[in-house]
Amino acid sequence: MRSPRALAVGVLAAGMMSHQPHAQSFGRTPSASEIAGWDIDVRPDGAGLPAGGGTVAQGRAVYDENCAACHGPEGRDGIRDRLAGGQGTLASGQPIKTVGSYWPYATTLFDYIRRAMPYQAPASLSADETYAVSAYILYLNGILPAEGGLDRASLPRVRMPNRDGFLPEREFTAGWTAAR
Amino acid sequence: MSSAPPLGRRRLLAASATAGLTTSPAGADTLANVPAREPGAPLSARSERSRFVELGRVPEAAPGIRPVDPVDAINSKTPFDRLVGSITPTDLHYERSHAGVPDLDPAKHRLLVHGLAARSLVLTMDDIRAMPSVSRVAFLECTGNGWENWKAADPTLTVQNTHGLVSTHEWTGVPLRFVIDLVGGVPSATWMLAEGADGAAVARSIPLTEEIMAEGILAYAQNGEPLRPAHGFPLRLFLPGLEGNLSIKWLRRLKFGDQPFMTRWETARYTQLQADGRARQFQLRQEVNSVITAPSGMMRVRPGPVRISGLAWSGHGRIVQVEVSTDGGASWQAARLTAPALPKAQVRFEMDWVWAGAPTGIVSRATDEMRNVQPDRAAFIARTGTNALFHYSAQQTWRISAEGDVRNALS
C-alpha cells in the first residue's frame, strides 16, 4: 500500500498533469470576417484602406460637426492638438508639429482618425467620412486643393511635405531601410 | 576620482552626533513619550498604508502643467522623493495613456494573432494564463521621462516631476516567443503591430529583433497580482529596456508584417526632433540613466552628514557603476549599490557625504554593462539639441544653496 505522502505527491502530479496544456489546445481559428472587423491598420503603401472616398467639401462638414469643438475652426486655436500650419518651424526654437508640418505619410492620418477620433466616439465615422475629413485636414495644410478629394487609390500617393524628415534608427530598422 | 578621503566610520559617527545636537536636543527625547502598547485594529483582506504615510502620484497634462484635474491628465508620476529600495509599489507605478483607462472584462477580452504567420488564432485570457509563464523584474519608462528639463530648469520641480515616468516591477506572463510558435512561426515577418483595446487603439510597429523575440512578454501580472487597469488589465505587451509606449497596454491584436505600419505614435508622436529639423525615428532603447532622489528638488539639507540616495537604470542591461559628484561634476566618487543590479531594472545607490554648508551641486552618473556612461547635460544637448521632447537622459543636477535649499538646475 502506498503511504499517504506518496499518494499526495501522486495526486499533486496528476493535478499538474491535467493542467499541462499542449499546443493544439490554445485558442481557436478566427473566421475571415472576424479578422476583417478588427484589422483596421493602414500601411503607407495603402494596404488596409477600405473602399470609399470623400471630398474636401464633404470633409469640412464632417469636421465642423465632429472635430472643430476640440481642434478649432480650421485646425488651429482649439483646446486640443493643432492640426494645421507650422511648416518651416521644425528647426526653430519653437517647432510646431502638425499633420502638415510633421507627418510623413497621409495614410497615417486615415489610420489614426479611424482608430482614435473623434476622441469621445472612436470608430464612429464611416469610411467615406474618414476619407473626407482626412482630405479636409490635408486641404487646411495646403496639401490638397479645395476641389480635391481622397480615395483608396489616391491617398497613398499623397506626398507629405515632411516625408523625408525622418532618420530611422539603424539598430531597429536596418533590414527595412536596406529593403527600401 | 575623489577629492575628499573616504570618511571613516568613527568620523562619520562624530559628524552625525554633532549634526544631531544642532537639530534635535538629545534631552527632549524620552521613551516615556512613546505611547503604551494596546491591542490593534482587526485584521483585514488588504493591507492599507499607515495613516502616517502620505504617498501619491501627480497627474500632469503637459510639461509644466500640474497638478491637473485627472480628466485632463495624460500621465501620472511616481513619487520618488518618498520611495526607497528599487521596486516601485504597485499602486504607484507611473501611468500614461492616450484615451483613458478602459474597464475590460477578462472573460470577454480576446487577443487576435494574425498576419504573416502560418495561421491565425484568437486567444482567451484562460488560454493565455494556462500557457507556461516567465517572470522578470525590469523597469518600464515613458520616453517623456525628463522632458521638463530640455530647455530650462524650473527650480520648483521635485524628482517626482523630473523623473517620475519610470518604475520597476516584477512582470509575469507568457513569452512572446511561445505565442509566435503557436501560430506556426513567422519566418517571413520582420515587424509586428501590437494594438490596444483602449479608446485610441494605440498601436506600435515592433521590429522583430532577436532581443525582442527573446525577451518580449505578454504580461498579465505585476508584482504577483493581475495587472491593474491603469497598467493594461487584463493583458499587455512588455518589452524590457525599450520605450514604454511599445509595451502596448490592454493588448488585443498582434499582426505580423514585413514593414513598419507607420502609426501616428511612431511618426507624429514618439520621434525626436534634432536641431536641424529632422527627427530620429524608432529610437526605441531607453538609455543609461540615473537620478539622485534624496536630497532632491524642494528638499532642505542641514550642514553635516547627508546620505545621498538615488536610482540608476539602463535599457542596455545591468548597471555596473554609479558615481556621485558633490561639487557640481568636478570630481566623482563611486556610490554603493544597495541591491544586486538586474539587467534592465532600476537599482538603488547610496553615498555618504558631509555637507560643509557651502553652495554646490550634487549629481549622479551611471555606467551600464555595455560601458555606456550617462552624459552630462552639455554633451547630451550638443548631440541632440533641445527640441527632441522625448528620450532625455542627461545627468540631473540638484543645486544646494547656502541655506541648504535643494533645487532643480541644468548643471
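Reminder, nothing fancy here: chain letters follow the sequence lines and each chain counts from 1.
- Contact record, B/Gly173 with B/Tyr220: CA-CE2, 3.6 Å, taken as the closest heavy-atom pair.
- For an aromatic pair to be called close, the ring centres must be under 6.0 Å apart, and B/His98 with B/Trp265 satisfies this.
- A donor-acceptor contact shorter than 3.5 Å is absent between the side chain of B/Thr143 and the backbone of B/Glu243.
- Ranking A/Thr173, A/Thr29, A/Asp41 against chain B, the residue ahead of the rest is A/Asp41, based on heavy-atom pairs under 4.5 Å.
- Within the 4.5 angstrom heavy-atom criterion, atoms from both the backbone and the side chain of B/Ala99 approach chain A.
- Contact record, B/Lys344 with B/His316: CE-C, 4.3 Å, taken as the closest heavy-atom pair.
- Formation of a donor-acceptor pair under 3.5 Å by the B/His109 side chain with backbone atoms of B/Leu251 is found in this model.
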Legend entry - Check against side chain to side chain contact (heavy atoms under 4.5 Å, CB included), B/Leu237 and B/Ile206: CA-CA 11 Å; B/Leu237 191 59; B/Ile206 290 154; 3.4 Å; yes
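- Using a 4.5 Å cut-off between non-hydrogen atoms, the part of residues 115-141 of chain A that approaches chain B consists of A/Arg115, A/Ala116, A/Tyr119, A/Pro122.
- Highest contact tally toward chain A, considering only B/Arg278, B/Arg252, B/Gln283, is held by B/Arg252 [criterion: heavy-atom pairs under 4.5 Å].
- Of residues 187-195 of chain B, those residues with a non-hydrogen atom less than 4.5 Å from any non-hydrogen atom of chain A are, in numerical order, B/Trp191, B/Leu193, B/Glu195.
- B/Glu287 and B/Ser393 make their closest contact through CB-OG, 3.7 Å (heavy atoms, listed as atom of the first residue, atom of the second, distance).
- Both the backbone and the side chain of A/Ile40 come within less than 4.5 Å of a heavy atom of chain B.
- For the options B/Lys255, B/Arg110, B/Arg253, B/Glu266, heavy-atom pairs under 4.5 Å to chain A are most numerous at B/Arg253.
- Remark: B/Asp368 does not engage B/Arg285 in a salt bridge, criterion side-chain N to carboxylate O under 4.0 Å.
- Within the 4.5 angstrom heavy-atom criterion, only side-chain atoms of A/Trp103, from C-beta onward, approach chain B.
- Outside the 6.0 Å centre-distance limit, the rings of A/Phe166 and B/Phe282 are not counted as a close aromatic pair.
- Contact of A/Asp164 with chain B is made through the backbone alone, with heavy-atom distances under 4.5 Å.
- Chain A forms more heavy-atom pairs under 4.5 Å with one residue of B/Gln259, B/Glu211, B/Lys151 than with any other, namely B/Gln259.
- Between B/Asn245 and B/Arg96, the side chains place no donor N or O within less than 3.5 Å of an acceptor N or O (distance only, hydrogens not considered).
- Listed options B/Thr271, B/Leu389, B/Leu123 were ranked by heavy-atom pairs under 4.5 angstrom with chain A; first place goes to B/Thr271.
- With a 4.5 Å cut-off on non-hydrogen atoms, A/Arg80 touches chain B through its side chain but not through its backbone.
- When every heavy atom of B/Thr267 is checked against every heavy atom of A/Tyr105, the shortest pair comes out as CG2-CD1, 4.2 Å.
- Among all heavy-atom pairs drawn from B/Leu410 and B/Arg377, the shortest one is O-CD, 3.2 Å.
- Closest approach of A/Phe110 to A/Leu155, counting heavy atoms only: CB-CD2, 3.6 Å.
- Residue A/Val42 touches chain B through its backbone alone, counting heavy-atom pairs closer than 4.5 Å.
- When heavy atoms are compared at a cutoff of 4.5 Å, A/Phe172 approaches chain B by way of both its backbone and its side chain.
- B/Leu112 CG to A/Glu34 CD: the interatomic distance, rounded to the nearest 0.5 Å, is 8.0 Å.
- Using a 3.5 Å distance cut-off with no hydrogens or angles, the side chains of A/Thr108 and A/Asp111 do not pair a donor with an acceptor.
- No part of A/Thr98 comes within reach of chain B, as not one of its non-hydrogen atoms sits under 4.5 angstrom from that chain.
- Remark: the backbone N or O of B/Leu273 is not paired with any side-chain donor or acceptor of B/Asn387 at under 3.5 angstrom.
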